[in-house]
Amino acid sequence: MELYFSPLSSSLASRIVLHELGQAAEFHEVDPFTHRLLEGGELGAISPLALVPVLRNEAGELLTENAAVLQYLADRFPEKRLAPTDPLERTRLQQWLSFVGTELHKCVFAPLFDRGAPEGAKAHALSKAKPRFDLLEAHLQSRQFLLEDFSVADAYLVTVLNWVQATPLQLSNWPAVSSYHLRLCARPSVARALAVELPLYLAEQKRHQAT
Ligand SMILES: N[C@@H](CCC(=O)N[C@@H](CS)C(=O)NCC(=O)O)C(=O)O
């Protein structure tokens with residue numbers, strides 16, 4: 001398998017899941033500002049919106065959209081139980097994947113990181129954070145994970161929570177979410193993924209400061 005990724009972006013969730021599954025993959029780094037592959041070439045030539053993650057499976061099929069990619073990975077290796085098969089539990093998983101993808105990633109964080117977004121859009125996005133983090137806080141107060149056990153939705157959530165430190169949001173306002181974040185960051189698959197991608201992220205920042 002091959003994963004097109006940008007350091008510490010939403011594609012980190014797929015790397016975490018690959019580690020959970022014990023699967024090796026080929027990784028292709030994409031600069032999120034230019035959409036160029038560091039090895040040369042354009043992500044847009046592979047995937048029209050030039051967004052990561054893009055997963056290429058062994059048959060050469062290209063898969064996009066984080067929620068779909070993560071479930072595909074989990075379903076390829078069902079013995080690792082990273083996605084429930086019971087219909088109700090699977091729906092709960094999809095509920096959390098959609099919540100993280102639409103209510104947190106796209107509604108709160110995407111405008112904060114969009115260099116072209118006007119200030120008003122950023123303030124508006126910040127105003128959406130509290131009810132969404134309050135919901136998570138209530139859910140995580142009595143749980144270790146979003147579902148009964150670690151699932152691909154946790155890989156996505158820990159990825160998005162990493163972004164808080166680059167925003168004016170303070171995770172300490174939501175203690176259960178903050179403990180969850182620390183706990184998940186210490187999980188071997190997550191710690192390993194962060195150890196690889198943090199230096200790549202810092203190098204990416206340096207490249208763009210220089211230009
Ligand atoms: N709907 C897509 C969104 C993916 C997405 O927003 N990826 C970001 C990284 S977190 C990206 O590639 N950004 C580059 C850009 O916006 O040009 C998904 O769920 O996978």
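Counting convention: from 1, in listed order, for ligands and their atoms alike.
Ligand-side atoms of ligand 1 in range of S10: 7 (N), 9 (C), 10 (S), range being under 4.0 angstrom from any heavy atom. Close approach of ligand 1 to K106 (heavy-atom distance below 4.0 Å) involves ligand atoms 3 (C), 5 (C), 6 (O). Atoms of ligand 1 found under 4.0 Å from any heavy atom of N66 (numbered from 1 in listed order, with element): 18 (C), 19 (O), 20 (O). Residue-ligand proximity, E65 to ligand 1, at heavy-atom distances under 4.0 Å covers atoms 1 (N), 2 (C), 18 (C), 19 (O), 20 (O). Contact atoms of ligand 1 toward P53: 20 (O) (distance under 4.0 Å to a heavy atom of the residue). Close approach of ligand 1 to H105 (heavy-atom distance below 4.0 Å) involves ligand atoms 5 (C), 6 (O), 10 (S).
The pair R15-E197 meets the salt-bridge criterion, with a side-chain N (NZ, NE, NH1 or NH2) lying under 4.0 Å from an Asp/Glu carboxylate O. Between R187 and D154 there is no salt bridge, since no side-chain N of the basic residue sits under 4.0 Å from a carboxylate O of the acidic one. The pair R90-D75 counts as a salt bridge, with a side-chain nitrogen and a carboxylate oxygen less than 4.0 angstrom apart.
Using 4.0 Å as the threshold, S6 has no heavy atom nearer than that to any atom of ligand 1.
Annotation: atom 8 (C) of ligand 1 to nearest protein heavy atom, V52 O, 3.9 Å. Nearest to atom 11 (C) of ligand 1 among the protein's heavy atoms is L51 CD2, 3.5 Å. Shortest contact from atom 17 (O) of ligand 1 to any protein heavy atom: H35 NE2, 2.5 Å.
Screening residues 165-177 for side-chain hydrogen bond (donor to acceptor under 3.5 Å, both in side chains) gives D134-W174 as the qualifying pairs, with residues at least two apart or on separate chains.
With values rounded to the nearest 0.5 angstrom, L70 atom CG is found 12.0 Å from Q94 atom CD. Atoms OG1 and CD, from T34 and E204 in turn, are 9.0 Å apart once rounded to the nearest 0.5 Å.
Note: H28 and F5 fail the aromatic proximity criterion, with ring centroids not under 6.0 Å apart.
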